[in-house]
Every structure is written in C-alpha cells, then in structure tokens.
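Shown next, in structure tokens, is the structure this report addresses.
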Amino acid sequence: GSEAATEQGQEEEVEDRLKEHMDSLLDKSAKARQAALQSLRLALSSKTLSEFLLERRLTLTDSLEKCLKKGKGEEQALAGTVLTLLCLQMGSGPEGEEVFRSLKPLLVSVLTDSTASPSARQSCATALGMCCYIAAADLE
C-alpha cells in the first residue's frame, strides 16, 4: 500500500510541475517561456502523459500557438518540437487531429516565412510532417 501512495504522490508532483510549466508559457519573459518549453519537451519525451494532456490539450495548444506567433527563433523551434510531442501523446484519434488541425495553418505560416530562423522553420516542418502522419484524417 505505501508503494502505491508514494507513486501517487510522485505522479501528482510531476503533474504540478507540468501545470507550472504550462502557466510559464504565458510569461512575458521570452527566457521563461523557453525554459518552460524545454521542460515540457523533456517531460513529453520521457513519459506517457496522455490522460493529463487530454484534459489540458486546448490550453496547451493555445499557449503553443502564442509561442509560435509571437516568439522568435529558439522559442518557435521549441514550440514546434513540443507540438510534435503533444501530437504523439494524443495519438491518431480525434484529439490528436483537433490539435493538428488547429495549429496546421500556423506551422505552414512559420515554415514559409523567409524571415523566420532556419531552426524555427525546420522544427515547424518536422512538426507538420509528424503531426500530419500521426493525426491527419484528411488524406490530402
């Protein structure tokens, strides 16, 4: 019984930190947003968090949209990577498709923006390809 309680406590701690990182995506400081994106990237690439993300996908999608729109260079590149990981976590169901569909125009916009940094454009191209492969219901 105590092992399950310890595991439950650790999971709640992880979720609390993730919530803090998600809140930090809306920070005025670009450095704070980048740090939050790096932490989210690490968390999403090391642990399955589907249930946690299901409830918060719209909030996270909105925050990533702001990072892609208003951010520059590194922030946009990190946002593209986090978006790819979010799509992987959501999978090929309606939730993953919804995330992809809402951010696809923005990914294309950054990708085709000749003034965007090469790393941001590359990250958005990867996100577009991976999310399309995973979550696009429309074959086109």
Side-chain angles (χ1 to χ4, degrees):
S2 66
E3 282 183 30
T6 304
E7 196 173 303
Q8 178 76 27
Q10 288 174 335
E11 203 163 306
E12 286 174 9
E13 195 177 303
V14 167
E15 288 182 1
D16 288 343
R17 275 193 308 233
L18 285 170
K19 289 175 193 170
E20 286 174 24
H21 297 320
M22 289 171 66
D23 290 344
S24 295
L25 290 179
L26 302 174
D27 200 287
K28 288 187 180 191
S29 160
K31 276 199 186 308
R33 291 192 308 269
Q34 284 181 18
L37 285 165
Q38 287 173 331
S39 297
L40 284 168
R41 182 188 72 197
L42 189 62
L44 295 179
S45 62
S46 61
K47 189 171 180 166
T48 302
L49 301 160
S50 308
E51 285 186 34
F52 173 82
L53 292 169
L54 262 179
E55 301 165 13
R56 294 164 184 83
R57 71 183 182 282
L58 297 177
T59 305
L60 186 53
T61 303
D62 287 346
S63 299
L64 290 173
E65 182 178 346
K66 288 180 176 87
C67 290
L68 284 167
K69 276 184 182 175
K70 296 182 165 90
K72 299 284 182 240
E74 181 69 15
E75 184 178 347
Q76 288 178 314
L78 284 165
T81 302
V82 172
L83 174 60
T84 302
L85 293 167
L86 177 62
C87 249
L88 279 167
Q89 293 265 353
M90 291 292 96
S92 61
E95 295 84 7
E97 185 184 346
E98 177 186 6
V99 168
F100 173 60
R101 196 176 37 236
S102 67
L103 287 177
K104 180 183 169 194
L106 194 52
L107 289 171
V108 171
S109 170
V110 174
L111 177 62
T112 57
D113 179 0
S114 59
T115 63
S117 78
S119 64
R121 294 174 73 186
Q122 182 262 331
S123 179
C124 287
T126 301
L128 192 60
M130 286 296 291
C131 293
C132 186
Y133 180 74
I134 294 163
D138 183 7
L139 293 177
E140 284 183 42

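One-based numbering along the sequence shown. Everything numeric in this text was worked out from a predicted model, so none of it was measured.
Not a single donor-acceptor pair under 3.5 Å links the side chain of S123 to the backbone N or O of S119. Formation of a donor-acceptor pair under 3.5 Å by the Q89 side chain with backbone atoms of K47 is found in this model. With hydrogens and angles ignored, the 3.5 Å screen pairs a side-chain donor or acceptor of S102 with a backbone N or O of E98.
To the nearest 0.5 Å, atom OG1 of residue T81 and atom CD of residue Q38 are 10.0 Å apart. Atom CG in L106 sits 10.0 Å away from atom CG in L64 (nearest 0.5 Å). Residue R56 holds its CZ atom at 10.0 Å from CG of L49, rounded to the nearest 0.5 Å. To the nearest 0.5 Å, atom NZ of residue K66 and atom NZ of residue K70 are 6.5 Å apart. For the atom pair L107 CG and C131 SG, the distance stands at 7.0 Å (nearest 0.5 Å). Taking CD of Q34 as the start and NZ of K72 as the end, the distance is 12.5 Å to the nearest 0.5 Å.
Note on V108 and L103: same hydrophobic cluster, where clusters join Ile, Leu, Val, Met, Phe, Trp and Tyr whose side-chain heavy atoms are under 4.5 Å apart, directly or indirectly. At a threshold of 4.5 Å between side-chain heavy atoms, the hydrophobic network of Ile, Leu, Val, Met, Phe, Trp and Tyr places V110 and L128 in two separate groups. By the criterion of side-chain heavy atoms lying less than 4.5 angstrom apart, applied directly or through intervening Ile, Leu, Val, Met, Phe, Trp or Tyr residues, Y133 is grouped together with L88 in one hydrophobic cluster.
With contacts defined as side-chain heavy-atom distances shorter than 4.5 Å, the pair V99/L83 qualifies. Annotation: side chain of L40 is in contact with side chain of M22 (closest heavy-atom distance under 4.5 Å). Taking 4.5 Å as the limit, some side-chain heavy atom of L54 sits within range of a side-chain heavy atom of M90. Side-chain atoms of L53 and L44, non-hydrogen and from C-beta on, do get closer than 4.5 Å to each other.
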Between side-chain atoms of residues 11-20 and protein atoms elsewhere (two or more places apart, or another chain), which donor-acceptor pairs fall under 3.5 Å?
residue: E12; atom: OE2; partner: Q8; partner atom: NE2; Å: 3.2

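Here the shortest heavy-atom pairing between S117 and G73 reads OG-CA, 3.3 Å. Heavy atoms only, all atoms of each residue included: A32 and D27 are closest at CB-CG, 3.6 Å. Closest non-hydrogen pair, C87 versus G96, comes out as SG-O, 4.1 Å. Nearest approach of Q76 to L68, heavy atoms of both residues: NE2-O, 2.8 Å. Between C67 and L37, the shortest heavy-atom distance links the atoms SG-CD1, 4.1 Å.
Remark: E75 pairs with R33 by the salt bridge (Lys or Arg N to Asp or Glu O under 4.0 Å) rule, at least two apart or across chains. Residues that satisfy the salt bridge (Lys or Arg N to Asp or Glu O under 4.0 Å) test with R41, not counting sequence neighbours, are absent from this structure.
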